[in-house]
Amino acid sequence: MPDAVGPDPQYDVFADEFLDHARNGLFNAYYDRPACLSLLGDVDGATVLDAACGPGLYAEELVARGAQVIGFDQSPRMVELAAQRVPAGQFRAHDLADPLDWLADQSVDLVLFALALEYIDDRGRALRELRRVLRPDGALVLSRQHPAGDWLRHGGNYFHARVIEETWSRGWRVRYWLAPLEQTCEELHEAGFLIERLLEPRPVAAAADIDPEKYERLTQEPTGFLAIKAIPDPRRSVPPNW
């Protein structure tokens, strides 16, 4: 592996600021969350694992729709915020680089893994662990930065997975992986998943009132996120992990 993001919970430093930003921000509230929730479908009565749950914004909506939510995040402060926001949920601090040894095999109906894949060094192992805890008739919904948008911003060899360090508009310093779409698809395949749907979402119409310029760009260019729904491949057993 040429480089690594490492075990440091980057978002812990600006967790409270991120909550303020993501609660009603265009990219999160009007773009990624609607896309992920649409792929999850009817969650009433389902047990949903919210992997990298952040401050609980997805979990809040899932509980409102009737789901039982189990969440974890690498950032202890994010976990505190999620627990405060969603008292009905079960949250803990956990690094997905480590096994989910507190969850039994095939113990959850759905897994949500929103906008966190690029912060994982060994994505294959993390996906295999999510596959292990998922029931055979369940589904994984993940979102990630659109690789075409990443390439347009950073250039270089699109097919060369590499770590990027940058400072975002609010002064947040982040470090994450750039990887082509092909690699994400292969990592899902090797973890025992079949891709059922892939969305290049557009923001919901209400986003036009918040930021017309960003709304227009996201409805025309692959500069934001994409979302994938993957299901366990019934022809393949769960690959060994640890």
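Any value given below was found using the heavy atoms of this structure, including those in side chains, with hydrogens, waters and symmetry copies removed.
Taking 4.5 Å as the limit, some side-chain heavy atom of Gln68 sits within range of a side-chain heavy atom of Gln90. You'll find the side chain of Leu194 reaches within 4.5 Å of the side chain of Pro234, heavy atoms only. Using a 4.5 Å heavy-atom cutoff, the side chains of Phe113 and Leu140 are in contact. Within the 4.5 Å cutoff, no side-chain heavy atoms of Val13 are placed close to those of Phe18. Counting only heavy atoms from C-beta outward, the side chains of His21 and Asn28 approach each other to under 4.5 Å. Side chains of Pro147 and Leu178 form no contact here, defined as non-hydrogen atoms less than 4.5 Å apart. By the 4.5 Å heavy-atom criterion applied to side chains, Tyr58 and Asp32 are counted as neighbours. Counting heavy atoms from C-beta on, the side chains of Leu117 and Arg123 come closer than 4.5 Å.
Lys229 has a carboxylate O that lies under 4.0 Å from a charged side-chain N of Glu196, or vice versa, which qualifies the two as a salt bridge. We find that Arg128 and Glu190 are not joined by a salt bridge, their nearest charged nitrogen and carboxylate oxygen being 4.0 Å or further apart.
We find the CG-CZ distance between Asp211 and Arg217 to be 8.0 Å, quoted to the nearest 0.5 Å. Rounded to the nearest 0.5 angstrom, Asp50 CG and Leu112 CG are separated by 5.0 Å. Residue Leu188 holds its CG atom at 10.0 Å from CG of Leu130, rounded to the nearest 0.5 Å. For the atom pair Leu96 CG and Glu129 CD, the distance stands at 8.0 Å (nearest 0.5 Å). For the atom pair CG (Leu62) and CG (Leu37), the distance works out to 5.5 Å, reported to the nearest 0.5 Å. The CG atom of Leu218 lies 10.5 Å from the CZ atom of Arg202; values are rounded to the nearest 0.5 Å.
With a 6.0 Å radius and a threshold of 12 heavy atoms from other residues, nucleotides or ligands, Arg197 has its CZ atom at or below the threshold. No more than 12 heavy atoms of other residues, nucleotides or ligands shown are found within 6.0 angstrom of CD on Glu213.
Tracing side-chain contacts under 4.5 Å through hydrophobic residues (I, L, V, M, F, W, Y), one reaches Phe72 starting from Leu142; they form part of the same cluster. Leu134 and Val43 are not part of a single hydrophobic cluster, where members link through side-chain heavy atoms under 4.5 Å apart. Tracing side-chain contacts under 4.5 Å through hydrophobic residues (I, L, V, M, F, W, Y), one reaches Val63 starting from Val141; they form part of the same cluster. The hydrophobic clustering, which links ILVMFWY residues whose side-chain heavy atoms are closer than 4.5 Å, places Leu40 and Ile228 apart. Using a 4.5 Å cut-off between side-chain heavy atoms of Ile, Leu, Val, Met, Phe, Trp and Tyr, with links allowed through other members, Ile231 and Leu110 fall into different hydrophobic clusters.
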- Message: Go through it in stages, so that I can follow the logic: the residues are Ile164 and Tyr176, the test is side-chain contact (heavy atoms from CB on, under 4.5 Å), and I'd like the CA-CA distance, side-chain angles, deciding distance and then a yes or no.
- Response: CA-CA 6 Å; Ile164 289 290; Tyr176 61 93; 4.1 Å; yes
- Query: Which is it for Glu186 and Gln183 under the side-chain contact (heavy atoms from CB on, under 4.5 Å) test, yes or no, and what are the steps along the way?
  - Reply: CA-CA 5 Å; Glu186 283 300 304; Gln183 182 166 328; 5.6 Å; no
- Task: Kindly determine whether Tyr31 and Phe225 satisfy ring pair (Phe, Tyr, Trp, His ring centres under 6.0 Å), including the steps that lead there.
- Result: CA-CA 8 Å; Tyr31 183 47; Phe225 308 142; 5.3 Å; yes
- Derivation of the side-chain contact (heavy atoms from CB on, under 4.5 Å) call for Val69 and Val86: CA-CA 9 Å; Val69 174; Val86 191; 5.7 Å; no
- Test Ile70 against Leu103 for side-chain contact (heavy atoms from CB on, under 4.5 Å), laying out the working first. CA-CA 10 Å; Ile70 303 168; Leu103 286 174; 4.2 Å; yes
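Within the 3.5 Å criterion, the main-chain N or O of Asp98 finds no donor-acceptor partner in the side chain of Asp95. Panel note: side chain Arg236, backbone His189; a donor-acceptor pair is recorded below 3.5 Å. For Asp109 (side chain) and Val48 (main-chain N/O), no donor-acceptor pair under 3.5 Å exists by modelled atom type. Judged by distance alone, the side chain of Glu166 and the main-chain N or O of Val174 form no donor-acceptor pair under 3.5 Å. Between the side chain of Ser143 and the main chain of Ala114, no donor-acceptor pair closer than 3.5 Å is present.
Contact record, Tyr30 with Asn24: CE1-O, 3.4 Å, taken as the closest heavy-atom pair. Of all non-hydrogen atoms in Ala52 and Ala116, the two that sit nearest each other are CB-CB, 3.4 Å. Contact between Ile120 and Trp177 at its shortest, heavy atoms only, is O-CD1, 3.5 Å. Nearest heavy-atom pair across Arg131 and Asp233 is NH2-O, 3.4 Å. Considering every non-hydrogen atom in both Arg162 and Asn157, the closest pair reads NH1-O, 3.4 Å. Of all heavy-atom pairs spanning Leu199 and Ala35, the tightest one is CD1-O, 4.3 Å.
Geometric assessment of Arg173 against the ring of Trp168 yields a negative cation-pi assignment under the 6.0 Å and 45° thresholds.
Partner of Glu60 under the salt bridge (charged side-chain N to carboxylate O under 4.0 Å, His left out) criterion, out of Arg33, Arg85, Arg65: Arg85 alone. Checked against Pro55 for a side-chain contact (heavy atoms from CB on, under 4.5 Å), the options Asp20, Leu81, Asp16 give a single hit: Leu81.
A donor-acceptor pair shorter than 3.5 Å can be found between the side chains of His146 and Glu200. Counting only N and O atoms by type, the side chains of Asp73 and Tyr11 include no donor and acceptor under 3.5 Å apart. For the residue pair Gln84 / Glu80, no side-chain donor-acceptor distance below 3.5 Å is found, with atom types taken as modelled.
In this pair, Tyr158 and Trp151 present their aromatic rings perpendicular. The plane angle is above 60°, beyond the 30 to 60° band.
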